[in-house]
Amino acid sequence: MTLRCILAPLASPDTLRGQVTDADWAAAAAFPPRRRAEYLTWRAVVYRELGAVPIGYDAAGGPVLIGDPRHIGVSHGGGHAAVVISDRPCAVDIESETRRFTRAAAHFLTPAEAALGDDPRVAGVVWCAKETLYKLARRRGIDLLRDLAIERIDFAAGEVVGRIRGGEPIPMRLELREGLIVVHTL
């Protein structure tokens with residue numbers, strides 16, 4: 001299996017009742033309405049794509065498939081849920097193209113990263129790419145400024161390259177669709 005990235009609009013929890021497990025439904029009951037829709041939508045996508053595979057969480061809080069060698073990554077934002085499925089460790093992040101990152105930029109965007117292009121979405125792409133790398137690392141305590149670096153963004157080719165703690169370059173896919181910035185591992 002190669003990596004697949006599935007993007008789904010958030011669904012009304014009531015429409016997802018038969019598409020998720022009773023345990024998912026019970027867990028989601030404690031969430032506020034929007035969080036409930038996010039949680040149930042991404043789980044419904046996983047079950048639709050992979051069948052009734054048990055889902056758990058690793059020590060860093062990332063979703064894992066229990067007893068299944070495949071890997072998943074999950075994100076939600078902009079009224080959508082994104083799920084990546086792969087035979088290798090994977091991750092994804094999504095944000096609305098219109099989200100303003102100016103107040104948070106000092107916490108994640110270096111001057112070198114801000115200079116990666118003149119497209120107004122550069123900060124959003126850097127944010128999504130760093131969130132993708134953070135999720136891929138599956139370690140708590142990673143600093144977005146100090147430990148994660150984005151070195152290249154090519155909007156035309158749909159490519160982003162970053163590093164975790166100065167390690168090997170990690171290529172990522174950039175997709176701009178449905179008003180969203182989607183960055184996922186390859």
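At a threshold of 4.5 Å between side-chain heavy atoms, the hydrophobic network of Ile, Leu, Val, Met, Phe, Trp and Tyr places Val126 and Met172 in one connected group.
Remark: the backbone N or O of Ser12 is paired with a side-chain donor or acceptor of Thr15 at under 3.5 angstrom. A side-chain donor-acceptor contact under 3.5 Å links Ser75 to the backbone of Ile94. No side-chain donor-acceptor contact under 3.5 Å links His107 to the backbone of Ala105. Side chain of Arg173 to backbone of Gly158: a donor-acceptor contact under 3.5 angstrom is found. A donor-acceptor pair under 3.5 Å is formed between the side chain of Glu113 and the backbone N or O of Thr110. A donor-acceptor pair under 3.5 Å is absent between the side-chain atoms of Lys135 and the main chain of Gly73, judged by distance alone. The main-chain N or O of Ala11 is found under 3.5 Å from a side-chain atom of Thr41 such that the two form a donor-acceptor pair. Looking at Arg88, its side chain does come within 3.5 Å of a backbone N or O of Leu186 through a donor-acceptor pair.
If you take SG on Cys128 and NE2 on His184, they are separated by 11.5 Å, rounding to the nearest 0.5 Å. To the nearest 0.5 angstrom, Leu50 atom CG is 6.0 Å from Arg4 atom CZ. Of the inter-residue distances, the one linking Asp154 atom CG with Glu159 atom CD reads 5.5 Å to the nearest 0.5 angstrom. Distance check: Ile153 CD1 to Leu116 CG gives 5.0 Å after rounding to the nearest 0.5 Å.
Considering every non-hydrogen atom in both Val53 and Ile66, the closest pair reads CG2-O, 4.4 Å. Closest heavy-atom contact between Pro169 and Val161: CB-CG1, 3.9 Å. The two residues Ile150 and Ala129 have their closest heavy-atom pair at CD1-CB, 3.5 Å. Nearest heavy atoms, Val122 versus Ala114: CG1-O, 4.3 Å.
Salt-bridge check for Arg163 with Glu168: failed, with every basic side-chain N at 4.0 Å or more from each acidic carboxylate O.
Applying the salt bridge (charged side-chain N to carboxylate O under 4.0 Å, His left out) test between Asp147 and each of Arg140, Lys130, Arg165 identifies Arg165 as the sole match.
Leu7 places none of its side-chain heavy atoms less than 4.5 Å from the side chain of Glu175.
Residues Tyr39 and Arg43 bring a donor and an acceptor atom of their side chains to less than 3.5 Å of each other. Judged by distance alone, the side chains of Asp24 and Tyr47 do bring a donor and an acceptor atom under 3.5 Å apart.
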Please assess Arg70 against Asp87 for the test salt bridge (charged side-chain N to carboxylate O under 4.0 Å, His left out), listing each intermediate value before the final yes or no.
CA-CA 5 Å; Arg70 293 170 289 192; Asp87 291 331; 5.9 Å; no

